Amino acid sequence: MQECIFCKIINRELPAEIVYEDEQISVFKDINPVAPVHLLLIPKKHISGISDLKEEDAGIMGRIQVLAANLAGEMGLAQDGFRLVCNCGRDAGQLVMHIHYHLLSGRTFKWPPG
Ligand code: 5GP
Ligand code: ZN
């Protein structure tokens, strides 16, 4: 999608600190981290948000979650814990309309979220 900033990061039209990439997925550091570890995990396919997921997207979204588990393990985050968040829509605080998981770790998070 032409005006999508995450599509532009995937296409190298915008810079980002990419920490993992394969044919279907890109993972990069959030530009405005809210925790010591703050990564964004996205499918390369442009999907606006959870509400727009189709049956055919189940595989890629599952892969992203398994990748989050693997990255958390490699980075030593699993013992103390981490949070995997996907905001959907205005009230949830979604600002970028390209589906993404936030992988947050390195501090204690409150529940319920603000
Ligand atoms: P949302 O509020 O949509 O769930 O999260 C969007 C996230 O994308 C925010 O945490 C924000 O800091 C991050 N973000 C917005 N623009 C950019 C950018 O150009 N580069 C990177 N790396 N992160 C971005
Ligand atoms: Zn996009």
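What you see is a predicted model, and the numbers here were worked out from it, not measured in a lab. All values below come from the heavy atoms of this structure, side chains included, with hydrogens, waters and symmetry mates left out. Atoms within a ligand are numbered from 1 in the order they appear, just like the ligands themselves.
Residue pairs meeting the ring-ring contact (aromatic ring centres under 6.0 Å, His included) criterion with at least one member in residues 33-59, sequence neighbours excluded: H38-H102, H46-H98.
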For this session: For F82 and F109, run ring pair (Phe, Tyr, Trp, His ring centres under 6.0 Å): C-alpha distance rounded to whole Å, both residues' side-chain angles, the deciding distance at 0.1 Å, then the answer.
Result: CA-CA 9 Å; F82 60 89; F109 299 105; 9.8 Å; no
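Salt-bridge annotation for E56 and K45: present, with a side-chain N of the basic residue lying under 4.0 Å from a carboxylate O of the acidic one. The residues R12 and E21 are annotated as salt-bridged, a charged nitrogen and a carboxylate oxygen being separated by less than 4.0 angstrom. For the pair E13 and K8, the salt-bridge criterion is not met [side-chain N within less than 4.0 Å of a carboxylate O].
Residue V66 is found outside any hydrophobic cluster, as its side-chain heavy atoms come under 4.5 Å of no other Ile, Leu, Val, Met, Phe, Trp or Tyr.
For H100 against L40, the heavy-atom pair with the smallest separation is CD2-CD2, 4.1 Å. For I42 against I64, the heavy-atom pair with the smallest separation is C-CD1, 3.8 Å.
Near the Zn ion (ligand 2), less than 2.8 Å away, sit the protein N, O or S atoms C4 SG, C7 SG, H46 ND1, H98 ND1.
The shortest side-chain heavy-atom distance between V37 and L104 does not fall under the 4.5 Å cut-off.
Protein residues lining ligand 1, listed by chain and number: I5, F6, I9, F28, K29, D30, I31, N32, H38, L40, N87, G93, Q94, L95, V96, H100, H102 [non-hydrogen atoms, distance under 4.0 Å].
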